[in-house]
Undergrad: 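Would you mind keeping the following structure in view while I ask a few things?
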2 protein chains.
Amino acid sequence: MHTPTRKTAEPTVRRLSLYLRYLEAFEQAGRGTISSGELAQSGGTTSAQVRKDLSFFGSFGKRGLGYSTHELTVHIREILGLDRQWRLVIIGAGKIGSAVAGHRGFRDRGFEIVGIFDADPHRVGHALGGVTVSDVRHLETEVKRLRADMAVLAMPAESAPEVATRLAKAGVHAILDFSTAQLEVPSDVTVRSVNLALELEVLSFALVNR
Amino acid sequence: MHTPTRKTAEPTVRRLSLYLRYLEAFEQAGRGTISSGELAQSGGTTSAQVRKDLSFFGSFGKRGLGYSTHELTVHIREILGLDRQWRLVIIGAGKIGSAVAGHRGFRDRGFEIVGIFDADPHRVGHALGGVTVSDVRHLETEVKRLRADMAVLAMPAESAPEVATRLAKAGVHAILDFSTAQLEVPSDVTVRSVNLALELEVLSFALVNR
DNA sequence: ATGTGCTTGTGAAATCGTTCACAATCTAGG
DNA sequence: CCTAGATTGTGAACGATTTCACAAGCACAT
Ligand SMILES: NC(=O)c1ccc[n+]([C@@H]2O[C@H](COP(=O)([O-])OP(=O)(O)OC[C@H]3O[C@@H](n4cnc5c(N)ncnc54)[C@H](O)[C@@H]3O)[C@@H](O)[C@H]2O)c1
Ligand SMILES: NC(=O)c1ccc[n+]([C@@H]2O[C@H](COP(=O)([O-])OP(=O)(O)OC[C@H]3O[C@@H](n4cnc5c(N)ncnc54)[C@H](O)[C@@H]3O)[C@@H](O)[C@H]2O)c1
């Protein structure tokens with residue numbers, strides 16, 4: 001594997017994540033090799049797209065044969081940085097925060113929830129998915145102590161920007177935000193937004209333009 | 001407003017949804033007009049992008065002045081199909097399903113939750129956000145009776161494809177899926193996936209490629 | 001050892017989306 | 001009514017991503 005010369009397109013990264021999922025299923029099913037065409041079918045794309053995506057990182061296949069499911073799994077894991085454990089904190093122990101905290105799947109994929117924070121005294125102290133909710137006032141010290149890599153923001157949009165700034169200062173360089181806030185963070189912090197209202201609006205547009 | 005000659009790019013639709021949010025804030029704040037530059041700043045894009053996005057649907061501004069916040073709000077609402085109520089059903093009354101069902105914000109933006117379904121007899125009959133959970137066995141008849149437009153799939157990936165097919169047959173043409181399933185639906189059904197594990201993996205990639 | 005069939009890896013072409021740049025048009029002020 | 005200043009709307013240029021198309025490489029059969 002070689003790191004790409006120039007920065008990788010986000011769609012490519014997203015597809016790699018999908019390929020990984022299908023590869024795991026294929027490996028589970030006992031398939032030793034898989035062709036770009038089969039991977040493409042699973043992911044709803046084309047074989048050329050699959051090969052191009054992979055070619056940014058190296059050549060992992062055998063002409064005439066395809067890819068070893070196991071080897072390609074390992075390679076994509078390494079490309080995506082999934083060959084290690086990531087330490088997550090959740091900020092906001094409400095509906096979404098609890099759902100994320102209680103989701104088994106994340107830990108199984110290497111994302112360990114090591115801390116949960118809330119501002120509401122009624123929530124602080126209670127356990128959620130095996131983790132006790134801490135007071136958000138102690139965010140910085142706790143996040144440093146826990147050596148958190150990523151944070152999930154599941155709190156009202158109003159206070160999200162402030163918390164994001166504090167997280168960045170405490171050394172968290174990756175944030176998944178469920179609020180609709182516009183976060184201002186240093187350029188070495190990556191923010192991804194999951195905006196459910198927006199997704200519904202895109203569906204609405206699709207319905208009226210059918 | 002005119003419908004675009006050819007199909008609109010998805011990034012454009014997503015940005016329209018964001019513009020709408022900022023416009024509402026500006027209108028609330030009493031601003032009568034707004035320039036493409038100001039809208040661009042709110043949304044983290046460029047003024048040319050804003051004007052281009054809008055130009056696909058008509059010319060809503062006044063040269064030298066900008067856009068009337070109120071009029072542009074109305075126009076974007078109409079473009080996105082938000083000038084009506086949409087009727088939603090949620091399939092899966094678990095962690096994510098409950099979070100969505102209990103979210104006030106959707107109703108406020110015209111998305112009304114009219115039905116919730118689950119396969120677990122223990123969940124059926126209980127109320128969630130003012131709606132009683134129905135048995136998924138009655139999905140088709142209930143969905144038709146409720147005249148549902150959209151569905152949120154918050155259930156295990158295994159059964160998602162089957163349920164998606166049944167929803168399509170029952171006249172639901174828009175699906176927001178939280179599972180990681182690959183849904184096979186007729187071409188007149190739009191599916192959007194919210195894949196949280198994938199989002200974390202994109203963050204992981206960003207961290208290791210910093 | 002050679003041929004056949006299949007599949008990769010990758011330049012080149014095509015397509016798609018964003019940014020540029022400027023004429024057209026508006027308001028406001030004298 | 002005319003000018004100054006601002007901002008839109010949009011072709012054209014640019015940049016990025018996807019698709020095409022094919023030579024190169026490998027496995028397997030004969
Ligand atoms: N539930 C949904 O389906 C849904 C849908 C779309 C968007 N969202 C967004 O996701 C976010 C979370 O939604 P939710 O439904 O879980 O809300 P919620 O009200 O259930 O939970 C929010 C939690 O954040 C805590 N909180 C408030 N201020 C805080 C602060 N400064 N620091 C730490 N914690 C703080 C609250 O005490 C509460 O426990 C919100 O921004 C919401 O708009 C949720
Ligand atoms: N909770 C999270 O943070 C999270 C994160 C990533 C992905 N997801 C995905 O979202 C989906 C829902 O997750 P969750 O955490 O709410 O799970 P959950 O287990 O809490 O809830 C799932 C619900 O679906 C119901 N169900 C099962 N089969 C059904 C069927 N055939 N028809 C109707 N209902 C059925 C179950 O009875 C249960 O109530 C899953 O696909 C999960 O993988 C959840």
Side-chain angles (χ1 to χ4, degrees), chain A residues 1-19 22-23 26 31-73 75-76 79 202 205, chain B residues 1-19 22-23 26 31-73 75-76 79 202 205:
Chain A
M1 171 186 148
H2 55 79
T3 28
T5 326
R6 273 278 136 306
K7 76 168 189 295
T8 313
E10 187 187 305
T12 293
V13 179
R14 299 183 72 86
R15 284 189 301 264
L16 286 177
S17 178
L18 291 176
Y19 301 158
Y22 300 122
L23 276 170
F26 274 101
R31 293 285 310 272
T33 61
I34 188 173
S35 70
S36 57
E38 288 171 293
L39 256 185
Q41 272 212 306
S42 314
T45 178
T46 67
S47 64
Q49 182 76 82
V50 170
R51 295 197 301 276
K52 184 63 93 178
D53 285 339
L54 294 173
S55 77
F56 294 130
F57 300 95
S59 27
F60 308 121
K62 277 211 176 58
R63 292 169 196 234
L65 247 196
Y67 304 87
S68 146
T69 48
H70 179 69
E71 280 177 26
L72 190 54
T73 301
H75 278 128
I76 297 185
I79 292 167
V202 174
F205 177 83
Chain B
M1 167 185 150
H2 55 79
T3 27
T5 324
R6 276 278 141 293
K7 74 169 192 296
T8 314
E10 186 187 306
T12 293
V13 180
R14 298 183 72 87
R15 283 190 299 265
L16 286 177
S17 179
L18 292 175
Y19 302 158
Y22 300 122
L23 275 169
F26 273 102
R31 292 287 309 272
T33 61
I34 188 173
S35 70
S36 56
E38 287 172 293
L39 255 185
Q41 274 214 303
S42 314
T45 179
T46 68
S47 63
Q49 183 75 81
V50 170
R51 295 197 301 277
K52 182 64 91 179
D53 285 338
L54 295 174
S55 77
F56 294 129
F57 301 95
S59 26
F60 308 121
K62 278 211 176 59
R63 290 168 197 237
L65 247 196
Y67 303 87
S68 147
T69 49
H70 180 69
E71 280 177 25
L72 190 53
T73 300
H75 278 127
I76 297 184
I79 292 166
V202 174
F205 178 83

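Order of the sequence lines fixes the chain letters, A, B, ..., with proteins taken first and strands second; residue numbering starts at 1 for each chain. Source: prediction; values computed, not measured.
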Undergrad: What does the list of N/O pairs under 3.5 Å between the protein and nucleotides 15-19 of chain D look like, with a distance for each?
TA:
{"from": "dT18(D)", "atom 1": "OP1", "to": "Arg15(A)", "atom 2": "NH1", "distance (Å)": "2.9"}
{"from": "dT18(D)", "atom 1": "OP2", "to": "Arg15(A)", "atom 2": "NH2", "distance (Å)": "2.9"}
{"from": "dT18(D)", "atom 1": "O5'", "to": "Gln49(A)", "atom 2": "OE1", "distance (Å)": "3.3"}

Undergrad: Specify the separation, in whole Å, of atom CG of Leu54(B) and atom P of dT18(C).
TA: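 Going from CG in Leu54(B) over to P in dT18(C) covers 13 Å.
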Undergrad: Measuring from Leu54(A):CG to Ile79(A):CD1, what's the distance to the nearest 0.5 Å?
TA: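 Going from CG on Leu54(A) over to CD1 on Ile79(A), the span is 7.0 Å.
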Undergrad: Check the phosphate of dG9(D) against Tyr67(B), side-chain N and O only, distance under 4.0 Å to OP1 or OP2. Yes or no?
TA: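 The answer is yes; a side-chain N or O of Tyr67(B) sits under 4.0 Å from OP1 or OP2.
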Undergrad: Nearest-Å distance, NZ (Lys62(A)) to C1' (dA24(D))?
TA: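 Checked: the NZ to C1' distance equals 16 Å.
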Undergrad: Calculate, to the nearest 0.5 Å, the distance between atoms CG and OH belonging to Leu39(A) and Tyr67(A) respectively.
TA: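 Answer for the CG-OH pair, Leu39(A) versus Tyr67(A), is 8.0 Å.
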Undergrad: What is the distance from CG of Leu16(B) to P of dT18(C), rounded to the nearest Å?
TA: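 In whole Å, dT18(C) P lies 12 Å from Leu16(B) CG.
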Undergrad: To the nearest 0.5 Å, what is the distance between CG on Leu18(B) and OG1 on Thr45(B)?
TA: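 OG1 of Thr45(B) is found 10.0 Å from CG of Leu18(B).
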Undergrad: For dG9(C) and Ser55(A) - does any side-chain N or O of the residue sit under 4.0 Å from the phosphate oxygens OP1/OP2?
TA: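 No, outside the criterion.
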Undergrad: Rounded to the nearest 0.5 Å, what separates atom CD1 in Ile76(A) from atom OG1 in Thr73(A)?
TA: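 The distance works out to 7.0 Å.
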Undergrad: Nearest-Å distance, NE2 (His75(A)) to C1' (dG9(C))?
TA: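 Rounded to the whole Å, the gap is 15 Å.
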Undergrad: Only one of His2(A), His75(A), His70(A) passes ring-ring contact (aromatic ring centres under 6.0 Å, His included) with Phe60(A); say which it is.
TA: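 Among His2(A), His75(A), His70(A), the one meeting ring-ring contact (aromatic ring centres under 6.0 Å, His included) with Phe60(A) is His75(A).
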Undergrad: Using atom types as modelled and distance alone, determine if a side-chain donor or acceptor of Thr69(A) lies under 3.5 Å from a backbone N or O of Arg31(A).
TA: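 Yes: the side chain of Thr69(A) pairs with the backbone of Arg31(A).
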Undergrad: Working to the nearest 0.5 angstrom, can you tell me the gap between Glu38(B) CD and Leu23(B) CG?
TA: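 Those atoms lie 10.5 Å apart.
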Undergrad: Give me, pair by pair, the N or O atoms of the protein and of nucleotides 28-30 of chain C that are less than 3.5 Å apart, along with how far apart they are.
TA:
none

Undergrad: With sequence neighbours excluded, give me every side chain to side chain donor-acceptor pair (under 3.5 Å) pair touching residues 47-61 of chain A.
TA: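 Residue pairs with at least one partner in residues 47-61 of chain A: Thr12(A)-Asp53(A), Arg15(A)-Asp53(A), Tyr19(A)-Asp53(A), Ser36(A)-Arg51(A), Ser47(A)-Arg51(A), Gln49(A)-Asp53(A).
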Undergrad: Do the side chain of Arg63(B) and the base of dT8(D) come within less than 3.5 angstrom through a donor-acceptor pair of N or O atoms?
TA: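 Such a pair is found, so the answer is yes.
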Undergrad: Map Gly64(A) and Arg51(A) onto DNA chain D by nearest heavy atom, then report which one ends up closer to the 5' terminus.
TA: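 Residue closer to the 5' terminus by nearest nucleotide: Arg51(A).
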Undergrad: Please report the distance, rounded to the nearest Å, between OH in Tyr19(A) and P in dT8(C).
TA: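 These atoms are roughly 12 Å apart.
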Undergrad: Please confirm whether the shortest side-chain N or O distance from Ser36(A) to OP1 or OP2 of dT8(C) is below 4.0 Å.
TA: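 Yes.
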Undergrad: Just call it for Ser47(B): base, sugar-phosphate, or nothing, with non-hydrogen atoms closer than 4.0 Å on any strand.
TA: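 Result for Ser47(B) = nothing.
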Undergrad: So how far is it from Ser35(B) OG to Lys62(B) NZ, rounded to the nearest 0.5 Å?
TA: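 That separation rounds to 15.0 Å.
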Undergrad: Within this structure, what is the CZ-to-P distance between Arg14(B) and dT18(C), rounded to whole angstrom?
TA: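 About 12 Å, once rounded to whole Å.
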